[in-house]
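Working notes for the structure below.
Here is how names work: the chains are called A, B, and so on, in the same order as the sequence lines, proteins then strands, and each is numbered from 1.
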Number of protein chains: 2
Amino acid sequence: MIFSEKQIESIAEMLKSIAHPIRLKILCFLMEGEKNVGEIESEFGSTISNISQHLTVLRKANIINRRKEANFMYYTLKDENVSNLMRTIKINFCSDS
Amino acid sequence: MIFSEKQIESIAEMLKSIAHPIRLKILCFLMEGEKNVGEIESEFGSTISNISQHLTVLRKANIINRRKEANFMYYTLKDENVSNLMRTIKINFCSDS
DNA sequence: ATTATATTTTAGTATTTATTAAAAAGATAA
DNA sequence: TTATCTTTTTAATAAATACTAAAATATAAT
């Protein structure tokens, strides 16, 4: 085993945060670039409260960043590692590119 | 959005199956090649019953295959897509390669 | 100030998932 | 056929997660 117990726990935590239909859709959407909560909400149903809660989960798992501008919150994928992971998922598990 | 709802659901399901410390460790171990339940059990604690249940989760999520030989069950990663995903996780989220 | 807009937080309930222990099933060996 | 070994299944309880609706916060506009 190459990984430490701590590392395993944190990677599992991160994957768990991605492994939800709504959060996965949010992340796919964020691959396009920065979006605010309203934009995310209108892209696919659910309530804005629910979206916000899912964004919190992603943020606590270190998957996304947020930036405040006026009373809007703009979200982005955290870093290249996250982008790489999302791209790999897309390439390997989505029939159409 | 490029993905269909069904595709999203199934990818989320698959990621959820990976997103657990014990299952993640099992998958890392299987990157080395085929292993039976006893080998997996002795590699890291937990009971054999618990391991078996986690293996069932992974198998139902189409992440691993199994093969019977005498009264041993041998498990492997399902395909290249799964290997690619595991490799990406390893490269991007494990400090030491 | 008051109202409106955008987002987050809290609280409650329902659902899902994990863990443990015991029982069962299947294959081999004595 | 009885015993043994490997693995799976079942059942019960505990713990984590998800969803809804309501309340709260913060900024902007009137």
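- For the pair D79(A) (side chain) and V82(A) (backbone), a donor-acceptor distance under 3.5 Å is present.
- Looking only at distances, a side-chain donor or acceptor of S42(A) sits under 3.5 Å from a matching main-chain atom of G38(A).
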Summary of protein contacts for nucleotides 2-16 of chain D, nucleotide by nucleotide, where a base hit scores B, a sugar-phosphate-only hit scores S (4.0 Å, heavy atoms): ---BSBBBB------

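- Using cut-offs of 30° and 60° for the angle between ring planes, the F29(A) and F44(A) rings count as perpendicular.
- Side chains of I63(A) and K78(A) form no contact here, defined as non-hydrogen atoms less than 4.5 Å apart.
- If you measure from atom CD of E41(B) to atom C1' of dT19(C), you get 15 Å, rounded to the nearest angstrom.
- A donor-acceptor contact closer than 3.5 angstrom is absent between the side chains of S17(B) and E13(B).
- Rounding to whole angstrom units, CD1 of residue I22(A) and P of dT20(D) are separated by 8 Å.
- For A70(A), taking side-chain heavy atoms from C-beta onward, the closest of the listed nucleotides dT19(C), dA28(D), dA26(D) is dA28(D).
- Between K60(B) atom NZ and dT17(C) atom P the separation is 12 Å, expressed in whole Å.
- The existence of a salt bridge linking E43(B) and K35(B) is excluded, since no basic side-chain nitrogen approaches an acidic carboxylate oxygen closer than 4.0 Å.
- E13(B) places its CD atom 11 Å from the C1' atom of dT16(C), with the value rounded to the nearest Å.
- Residue H54(A) places no side-chain N or O under 4.0 Å from the OP1 or OP2 atom of dT17(D).
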